Amino acid sequence: MKEAITSELKQRWGYEVVLEKPKDKKFGHYATPIAFTLAKEKRKAPHLIAQELAQLLDNSPLFEKVEPIKGYVNLKLSETFLDQLATQALKKPQEFGKANLNQNLLIEFVSANPTGPLHIGHARGAVIGDALSRIGKHLGNKITKEYYINDAGRQIELLGLSIFLFAREILGKEVTFPEEYYRGEYVRELAKEALEVFPKEEFEKEEIIPKLSEWGKEKMMERIVSTLKEVGIEFDSFVSEKELYRYWDEVFELLKANGAVYEKDGKIWLKSSEYGDEKDRVVVREDKRPTYLAGDIIYHYLKFKRGYDRYINIWGADHHGYIARVKAAIKFLGFDPDKLEIVLAQMVSLLKGGEPYKMSKRAGNFILMEDVIKEIGADALRFMFLTKKSDTHLEFDIEMLKKEDSSNPIYYINYAHARINSVVEKSNFSYDEIVEVELKGLNEEAKSLLFNALTLPEVLQEAFIKREIQKVTDYLKALSAQFHSFYNQHKVLGSEFEKQYLKLFLTVALAIRVGLALLGIEAKKRM
RNA sequence: GUCCCGGUAGCUCAGCAGGAUAGAGCAUCGGAUUCCUAAUCCGAAGGUCGUGGGUUCAAAUCCCGCCCGGGACACCA
């Protein structure tokens with residue numbers, strides 16, 4: 001819709017025009033402050049320019065009214081134009097909102113360590129990454145969703161050790177726990193299971209620890225994947241950190257050749273400070289073991305070799321300090337670091353009835369994503385995380401999401417969708433009959449509702465381009481509110497506008513259905 | 001100390017590539033149901049946009065200083 005309008009304006013005015021949404025409905029559907037911009041160049045008062053521009057649109061079929069006010073040109077779309085767009089959308093519902101952005105994108109998200117179950121912070125990144133992927137795909141991009149598994153290093157050793165110790169404790173042996181180990185209840189459960197899987201005598205010796213590490217990691221990965229699946233998230237590929245290290249020599253040679261590294265105190269350092277990092281970073285320790293950063297360098301090297309147009313990483317905000325060094329490494333490897341974009345998901349804190357959410361016993365010290373799903377359901381979980389910008393600290397009350405009324409936006413939106421479904425079912429018209437009817441003589445509220453339903457495509461684009469998915473949830477809430485209001489005001493069945501209103505409603509339902517689907521939520525037909 | 005994020009209505013947050021009277025939801029108060037789902041709607045009230053400067057026709061929005069809150073500053077991942 002927006003494209004059709006801007007191209008019409010460009011044709012008639014000869015300028016690229018920025019369309020804005022006026023603050024007040026009475027100013028029409030769109031407005032442009034272009035006269036202000038031209039005022040300097042033309043040395044003429046904005047309101048005069050606006051008047052001239054308005055006249056040029058006198059006989060355009062797109063607009064019902066073009067009005068210059070104080071330098072703004074306010075545009076009101078014609079009913080015929082809106083009707084055309086609605087018909088088009090309803091005839092090819094699966095096409096609604098699609099675009100041709102045509103980029104090949106790699107989105108990496110979650111990537112939680114396989115040393116424990118997912119917690120609520122992971123959930124935020126997971127949901128954001130998934131929704132972004134869905135929207136991106138709808139807009140014509142090719143999207144690959146990837147999970148980077150940190151299955152190497154000390155943490156995995158620690159996991160094995162922790163299972164080992166818990167198992168021995170269960171066996172009634174004397175155990176002294178070190179300062180650092182995984183102490184969540186889930187480790188005890190793993191230990192119990194390990195005792196069934198491995199012969200008991202193996203727990204006499206520490207040799208079993210690496211086996212437990214490997215086994216425990218697999219177990220945790222399975223659990224993580226299944227939790228994600230519960231909220232409808234699936235990945236296209238998993239990359240194992242451990243398996244990357246066979247490329248280390250190749251990458252290291254390249255870094256050396258590009259003058260990216262040097263030796264000092266027996267360690268190998270990356271000159272990351274040359275490209276914006278605070279200081280240089282160790283990539284190989286004195287004992288020759290590569291650091292975590294080395295793994296990430298290999299990972300991004302291989303990523304960039306795969307040749308995507310852009311790479312999006314969704315990281316927890318606590319990793320922000322990491323951005324500079326990874327980008328520096330990418331630069332040293334001869335790739336363009338600007339192609340890597342980091343979306344930071346800020347911290348989450350939960351309340352329950354105004355009190356801080358009780359920590360799950362099983363988790364030890366954090367809130368399990370699994371528990372929250374059980375508590376409020378996958379849809380509500382997804383929705384609440386998508387309502388807030390990813391980079392703002394988020395605090396919310398779980399009780400709110402359990403309520404089944406307007407304080408729980410997901411119910412509110414679903415209710416709008418279900419109401420429409422119900423009215424359409426009760427009418428005697430078929431879908432095709434309704435789509436064919438011409439919209440004519442509708443009142444202002446109806447036209448405004450129709451217009452807003454047709455805005456979904458531009459909302460999706462803005463949300464995707466800015467990586468701000470809350471624009472979609474905001475939109476859906478607003479559209480539903482407008483619908484509910486209309487519904488209360490106008491009787492549909494039996495009215496002389498019955499068919500027309502049904503067409504309007506179907507368009508609203510389509511926007512809701514498509515919008516929710518792209519957030520990973522299926523719109524309810526009945527409630 | 002350095003870096004990142006935030007500070008807008010009682011609460012949770014939009015708005016921020018400058019633009020028309022600062023918005024929404026929740027909570028509060030008052031109304032609406034012989035009628036397609038009241039899981040809804042209508043109305044009221046609620047603001048020094050953290051603070052002090054600057055940029056200009058125009059600043060919640062851009063720049064600088066300061067204050068407050070959260071986070072990060074590993075040879076851990």
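By convention in this document, chain letters (A, B, ...) are assigned in the order of the sequence lines, proteins followed by strands, and residues within each chain are numbered from 1. On a predicted model such as this, the values are computed, not experimentally measured, just so you know. Both backbone and side-chain heavy atoms feed into the values below; hydrogens, waters and symmetry mates do not.
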Check your understanding: On a whole-Å scale, what distance lies between the C1' atoms belonging to B:G31 and B:U48?
Key -> 34 Å

Check your understanding: When you measure from the side chain of A:D474, which nucleotide among B:A14, B:A77, B:A20 comes out closest?
Key -> B:A14

Review point. In terms of side-chain heavy atoms, does A:N113 have a donor or acceptor partner in A:Q155 at a distance below 3.5 Å?
Key: yes

Exercise for review: Say whether A:S448 and A:Q482, considering side chains only, have a donor N or O and an acceptor N or O under 3.5 Å apart.
Suggested key: yes

Check your understanding: Quantified in whole Å, what is the C1' atom distance between nucleotide B:G1 and nucleotide B:A45?
Key -> 47 Å

Check your understanding: Base, sugar-phosphate, or nothing: which does A:R526 touch, judged by heavy atoms less than 4.0 Å apart?
Key -> base

Check your understanding: Looking only at heavy atoms, which two atoms of A:R124 and A:Q346 are closest? And how far apart?
Key -> NH1-O, 2.9 Å

Check your understanding: Between atom CD in A:Q346 and atom C1' in B:G69, what is the gap in whole Å?
Key -> 12 Å

Review point. Would you say a side-chain N or O of A:Y412 is under 4.0 Å from OP1 or OP2 of B:C41?
Key: yes

Exercise for review: When you get a sec, tell me which of B:A77, B:G15, B:C36 is the closest nucleotide to the side chain of A:Q470?
Suggested key: B:G15

Check your understanding: Quick one: is B:A39 close enough that its OP1 or OP2 comes under 4.0 Å of any side-chain N or O from A:R419?
Key -> no

Exercise for review: Return no unless some side-chain N or O of A:T392 is found under 4.0 Å from OP1 or OP2 of B:C13.
Suggested key: no

Review point. For the residue pair A:Y412 and A:H484, is the inter-centroid distance of their aromatic rings smaller than 6.0 Å?
Key: yes

Practice item. Provide the distance between the two P atoms, one in B:A22 and one in B:C29, to the nearest whole Å. Key: 28 Å

Review point. In whole Å, what separates the C1' atom of B:G25 from that of B:C36?
Key: 27 Å

Exercise for review: Give A:E241 one of three labels, base, sugar-phosphate or nothing, depending on what nucleic acid heavy atoms sit under 4.0 Å from its own.
Suggested key: sugar-phosphate

Exercise for review: Determine the contact category for A:N421: base if any of its heavy atoms lies under 4.0 Å from a base atom, sugar-phosphate if only primed atoms, P, OP1 or OP2 are that close, otherwise nothing.
Suggested key: nothing

Review point. Cut-off 3.5 Å, side chains only: do A:Y247 and A:E243 have a donor facing an acceptor?
Key: no

Review point. Does OP1 or OP2 of B:G15 have a side-chain N or O of A:K471 closer than 4.0 Å?
Key: yes

Check your understanding: Looking at the side chain of A:V423, which of B:C41, B:C36, B:A77 is the nearest nucleotide?
Key -> B:C36

Practice item. Answer yes or no: side-chain N or O of A:D296 and base N or O of B:A77 forming a donor-acceptor pair under 3.5 Å. Key: no

Practice item. Using the C1' atoms only, state how far B:G71 lies from B:G10, rounded to an integer number of Å. Key: 27 Å

Review point. Where each residue is assigned the nucleotide of RNA chain B containing its nearest heavy atom, which of A:V492 and A:V282 is assigned the position nearer the 5′ end?
Key: A:V492

**Study point:** Sub-6.0 Å ring centroid separation between A:Y148 and A:F109
**Key:** no

Exercise for review: Pick base, sugar-phosphate or nothing for A:H320, based on heavy-atom distances below 4.0 Å to the nucleic acid.
Suggested key: base

Practice item. Would you please classify the geometry between the A:F505 ring and the A:Y501 ring as parallel, tilted or perpendicular, with 30° and 60° separating the classes? Key: parallel

Point to revise | Stems formed with participation of RNA chain B [Watson-Crick or G-U wobble, under 3.5 Å, three or more pairs] | key: B:1-7 with B:67-73, B:10-13 with B:23-26, B:28-32 with B:40-44, B:50-54 with B:62-66

Exercise for review: Assign A:K279 to base, sugar-phosphate, or nothing according to its heavy-atom contacts below 4.0 angstrom with the strands shown.
Suggested key: sugar-phosphate

Point to revise | Spacing between A:Y181 atom OH and B:A77 atom C1', to the nearest angstrom | key: 20 Å

Review point. So what does A:A418 hit on the nucleic acid, given a heavy-atom distance under 4.0 Å: a base, only sugar-phosphate, or nothing?
Key: base

Review point. Tell me: CG of A:N488 to P of B:A39, nearest whole Å?
Key: 11 Å

Check your understanding: Nearest of B:C5, B:A77, B:C36 to any side-chain atom of A:K491?
Key -> B:C36

**Study point:** Donor on one side chain, acceptor on other, A:K303 and A:N313, under 3.5 Å
**Key:** yes

Practice item. With the side chain of A:L493 defined as its heavy atoms from C-beta on, choose the nearest nucleotide among B:C36, B:A39, B:G71. Key: B:C36

Review point. Of A:E468 and A:H319, whose nearest nucleotide on RNA chain B comes first from the 5' end?
Key: A:E468

Exercise for review: Evaluate the ring planes of A:H319 and A:Y322, with Trp represented by its six-membered ring, and classify them as parallel (under 30°), tilted (30 to 60°) or perpendicular (over 60°).
Suggested key: perpendicular

Check your understanding: Just how far, in rounded Å, is P of B:U40 from NE2 of A:H490?
Key -> 19 Å

Review point. So, is A:K389 near the phosphate of B:G15, with a side-chain N or O under 4.0 Å from OP1 or OP2?
Key: yes

Revision key, fill the gap. Of the listed B:C41, B:A77, B:C13, the closest approach to the A:K388 side chain comes from B:C13

Check your understanding: Can you tell me how far P in B:A17 sits from the matching atom in B:C5, rounded to whole Å?
Key -> 15 Å

Exercise for review: Rounded to whole angstrom, note down the C1' distance from B:C63 over to B:U55.
Suggested key: 7 Å

Check your understanding: Taking atom P of B:C35 as reference, at what distance in whole Å does atom CZ of A:F486 sit?
Key -> 20 Å

Revision key, fill the gap. A:Y475 atom OH is separated from B:C13 atom P, nearest whole Å, by 25 Å

Point to revise | Protein-nucleotide distance (A:I298, atom CD1; B:A77, atom P), rounded to Å | key: 13 Å

Check your understanding: Which word best sums up how the rings of A:F235 and A:Y147 line up, parallel for under 30°, tilted for 30 to 60°, or perpendicular for over 60°?
Key -> perpendicular

**Study point:** P spacing across the pair B:C57 / B:G18, given as an integer number of angstrom
**Key:** 15 Å

Review point. Given atom OH of A:Y501 and atom P of B:C35, what is their separation to the nearest angstrom?
Key: 20 Å

Exercise for review: Among B:A20, B:A77, B:C41, find the nucleotide with the atom closest to the side chain of A:A31.
Suggested key: B:A20

